[in-house]
Amino acid sequence: MTNPAIKIKSSEILSDNWYILKKIVFDYQKKDGSWETQSREVYDRGNGATILLYNKTQKTVILIRQFRMPTFVNGNEKGMIIEACAGLLEEENPEECIKRETEEETGYSLTQVRKVFQAYMSPGSVTEIIYFFVAEYSKDMKVSEGGGLSTEHENIDVLEIPFEKAMQMIETGEIKDAKTIMLLQYAKINNLLE
Ligand SMILES: Nc1nc2c(ncn2[C@@H]2O[C@H](COP(=O)(O)OP(=O)(O)O[C@H]3O[C@H](CO)[C@@H](O)[C@H](O)[C@@H]3O)[C@@H](O)[C@H]2O)c(=O)[nH]1
Ligand SMILES: [Mg+2]
């Protein structure tokens, strides 16, 4: 945080019920050199990691389906959404996080993953940066059912979908999660399945 054109004046916690919502008041120096005071709400729910599992021989990818309340209250009729496996970083680096989440959510145990890029997903309001990974998977890496942690009430369906079908599902709107679209398009552009 070094920018001489920004001076934070106050940072107030509006909610710390689950994650943290703050109101930050700051002075912002405009291009003409004058200063103005601005206020922004900032939601901090930590950072995350996500991964596209792909199989070159079968030309398939592993995605998951789960209920997401924020989509349910904003136009997603049943609230179910198809996503790439993902999780929030705990006390670990992004690579360890995504290996743990992959096993919990999909049942595949990975040894090798490859980081491809990182992105702020909603920079106007949410602090979160997501680290994006890809990895090849095969049947012999399947060590459990997956489905997520029952202690966290994660009722996750594991889906194995032909890659080209997944690409079509972006067009039809059946896939409408940003991180998932980004990973599928990455795979397409870089010919990962060929
Ligand atoms: N009780 C309660 N539980 C919550 C709340 N918010 C989240 N949780 C629970 O916290 C757990 C987090 O699970 P993870 O697998 O670690 O994270 P995620 O929700 O899948 O998040 C991933 O996907 C998000 C959506 O794309 C990403 O934003 C995030 O970075 C990450 O990649 C889930 O069981 C979720 O239901 C809440 O307000 N209350
Ligand atoms: Mg998750």
Side-chain angles (χ1 to χ4, degrees), residues 13-23 40-54 61-110 113-135 137 141-161 166-167 169-170 173-187:
I13 293 179
L14 300 180
S15 169
D16 59 357
N17 184 60
W18 187 260
Y19 299 122
I20 298 170
L21 177 65
K22 286 182 184 167
K23 178 179 168 184
R40 290 291 178 275
E41 290 187 10
V42 170
Y43 190 46
D44 183 352
R45 55 190 305 278
N47 295 322
T50 185
I51 191 164
L52 184 69
L53 302 182
Y54 65 97
V61 293
I62 300 290
L63 298 176
I64 59 175
R65 183 172 49 216
Q66 62 190 315
F67 178 78
R68 292 290 199 183
M69 178 54 83
T71 73
F72 190 52
V73 297
N74 190 25
N76 189 23
E77 201 178 337
K78 294 206 163 48
M80 301 304 289
I81 190 146
I82 296 175
E83 299 181 31
C85 164
L88 296 169
L89 266 56
E90 294 173 8
E91 311 271 294
E92 58 195 348
N93 65 42
E95 182 172 326
E96 287 162 357
C97 167
I98 204 57
K99 286 181 181 170
R100 174 181 52 75
E101 287 289 340
T102 301
E103 191 161 334
E104 284 173 13
E105 296 191 341
T106 72
Y108 286 91
S109 175
L110 301 173
V113 297
R114 185 162 66 87
K115 189 186 149 205
V116 288
F117 53 85
Q118 57 202 10
Y120 290 104
M121 298 303 283
S122 198
S125 54
V126 181
T127 61
E128 179 179 62
I129 191 162
I130 297 192
Y131 301 92
F132 287 73
F133 291 84
V134 296
Y137 78 95
M141 296 177 188
K142 184 92 174 162
V143 295
S144 68
E145 280 297 295
L149 298 179
S150 55
T151 47
E152 288 185 4
H153 308 283
E154 292 184 310
N155 299 300
I156 291 172
D157 299 327
V158 183
L159 313 173
E160 185 170 50
I161 304 178
M167 292 303 297
M169 289 166 80
I170 300 174
E174 289 163 275
I175 291 178
K176 48 184 173 290
D177 170 61
K179 64 181 178 299
T180 312
I181 295 171
M182 291 162 79
L183 280 170
L184 289 168
Q185 291 180 342
Y186 176 89

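One-based numbering, in listed order, for ligands and for the atoms of each.
Residue Tyr120 places its OH atom among 12 or fewer non-hydrogen atoms of other residues, nucleotides or ligands, all under 6.0 Å distant. Dense packing is recorded around NZ of Lys115, with more than 12 heavy atoms of other residues, nucleotides or ligands lying under 6.0 Å away. For Asn93, the CG atom sits in a packed shell: over 12 heavy atoms of surrounding residues, nucleotides or ligands are nearer than 6.0 Å. Dense packing is recorded around NZ of Lys142, with more than 12 heavy atoms of other residues, nucleotides or ligands lying under 6.0 Å away.
The shortest heavy-atom contact between Phe72 and Glu77 is CE1-O, 3.1 Å. Residues Leu88 and Cys97 approach most closely at O-SG, 3.7 Å, considering heavy atoms. Among all heavy-atom pairs drawn from Asn47 and Glu128, the shortest one is OD1-CA, 3.6 Å. Closest approach of Asp177 and Thr180 over heavy atoms only: OD2-OG1, 2.6 Å.
With distances taken over non-hydrogen atoms, the option nearest atom 18 (P) of ligand 1 out of Glu83, Glu128, Arg68 is Arg68.
By the 30° and 60° cut-offs, the orientation of the rings of Tyr137 relative to Tyr108 is perpendicular.
For the ligand labelled ligand 1, residue Arg45 lies inside the 4.0 Å heavy-atom shell.
Ranking the protein heavy atoms by distance from atom 35 (C) of ligand 1 puts Glu152 O, 4.9 Å first. Nearest protein heavy-atom contact of atom 9 (C) of ligand 1 is Trp18 CZ2, 4.3 Å. Looking only at protein heavy atoms, the nearest one to atom 26 (O) of ligand 1 is Lys179 NZ, 2.5 Å. At the top of the distance list for atom 15 (O) of ligand 1, counting protein heavy atoms only, stands Glu105 OE2, 3.0 Å. Looking at atom 33 (C) of ligand 1, its nearest protein heavy atom turns out to be Glu154 OE2, 3.7 Å. For atom 32 (O) of ligand 1, the nearest protein heavy atom (residue, atom name, distance) is Ala86 CB, 3.2 Å. Of all protein heavy atoms, the one closest to atom 10 (O) of ligand 1 is Tyr19 OH, 4.0 Å. Among protein heavy atoms, the minimum distance from atom 16 (O) of ligand 1 is reached at Leu88 N, 2.9 Å.
Of all the heavy atoms of Asn17, none lies under 4.0 Å from any atom of ligand 1, so neither backbone nor side chain is involved. Residue contacts with ligand 1, taken as heavy atom pairs separated by less than 4.0 Å, do not involve Thr50 at all.
Rounded to 10°, the angle formed at the Mg ion (ligand 2) by OE2 of Glu105 and O of Ala86 is 90°.
Less than 4.0 angstrom separates some heavy atom of Ala49 from each of these atoms of ligand 1: 32 (O).
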